[in-house]
Amino acid sequence: MAFPVFAPGDVLNASDMNAVGLWLIKTQTIGTTVSSVTVSDVFSADYDNYRIVVSVNSASQTLNLLMTLGSTTAAYYWSVAAASFAGGLTGSGVANGSSWFVLSPGADGGATSIDVYDPFASNQTGFTVATPIYVTNGSVYSGGGYLNNTTSYTAFTLTTSAGTITGGTIRVYGYRN
Amino acid sequence: MKIQIDDQVRDATPEEEALIEAIRAEQSEE
């Protein structure tokens, strides 16, 4: 049987199932007027790399979501290139900061996906992100960075730069090794 | 200040609030 097209009644052979590339690990609903959301027990030896899809329903103001791993608040390196909807190009970054920048939801929310590389392994952890800024004079930020330590992590936290977020989901997927 | 850990939403402890404020302070400096 050839994946990925299956017919009703097909036997799911191990070889087919082992070829599935992306597995949903956890779905977390975002609460009401929270300043941070921690998603625990998602990184493990089962996967090296992960996709995190964040969808925020609303924010108390236009704000940034800042990502941290475990309880670490240092050694985060990141940069982004920003292309504005008006066409201008800018960039920004932080060396040895306390978090990664990953999303800027506005009053009507926002969404993005983040790829995280090797958070559980005792290697440096990397990430890449492409995120639209949800305001009419906004931009699309494309960037990434890494965490300069070799700590093994199982959890991450998204913290607002100011204000709060309400509703939405955080889904964590594992890329099959 | 409310924080969420998985399905639990609760008020942050003083230590947790301090941690959040430390992260936010750096963000505002960019």
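Worth knowing before you read on, the calculation uses all heavy atoms, side chains too, and leaves out hydrogens, waters and symmetry mates. Lettering of chains follows the sequences in order, A, B, ..., and the numbering in each one begins at 1.
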Chain B contact via [X] - side chain, backbone, both or neither, heavy atoms under 4.5 Å:
X: A/I30; answer: both
X: A/T159; answer: side chain
X: A/T33; answer: both
X: A/S71; answer: neither

Could you tell me whether a side-chain N or O of A/Q28 sits under 3.5 Å from a main-chain N or O of B/I5, the two making a donor and an acceptor?
->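 Side chain of A/Q28 to backbone of B/I5: no pair is present.
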
Please lay out, stage by stage, how B/V9 and A/T32 fare under the test side chain to side chain contact (heavy atoms under 4.5 Å, CB included).
-> CA-CA 8 Å; B/V9 177; A/T32 301; over 6 Å; no

Could you tell me whether the side chain of B/R24 reaches within less than 4.5 Å of the side chain of A/S99, counting heavy atoms only?
->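 No; the side chains remain at least 4.5 Å from each other.
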
Any side-chain heavy atom of B/D6 within less than 4.5 Å of one from A/T38?
-> no

When you look at CG of A/N148, are more than 12 heavy atoms from neighbouring residues, nucleotides or ligands closer to it than 6.0 Å?
-> yes

Can you establish whether the number of heavy atoms outside A/R176 located under 6.0 Å from its atom CZ is more than 12?
-> yes

What is the distance from atom OG1 of A/T68 to atom CD1 of B/I20, rounded to the nearest 0.5 Å?
->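 One gets 9.0 Å once the value is rounded to the nearest 0.5 Å.
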
What's the spacing between A/S35 OG and B/D11 CG if we round to 0.5 Å?
->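 Going from the OG atom of A/S35 to the CG atom of B/D11 covers 10.0 Å.
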
Kindly determine whether B/M1 and A/V34 satisfy side chain to side chain contact (heavy atoms under 4.5 Å, CB included), including the steps that lead there.
-> CA-CA 7 Å; B/M1 180 184 293; A/V34 292; over 6 Å; no

Shortest non-hydrogen contact from B/A22 toward A/S98 | O-OG, 4.3 Å

The single option from A/T160, A/L66, A/T157 passing side-chain contact (heavy atoms from CB on, under 4.5 Å) against B/I23 = A/L66

Hey, quick one: are [X] and [Y] part of the same hydrophobic cluster, counting side-chain heavy atoms closer than 4.5 Å, chains of contacts allowed?
X: A/W23; Y: A/F156; value: yes
X: A/L63; Y: B/I3; value: no
X: A/W78; Y: A/L89; value: no
X: A/V20; Y: A/Y50; value: yes
X: A/Y141; Y: A/V135; value: yes

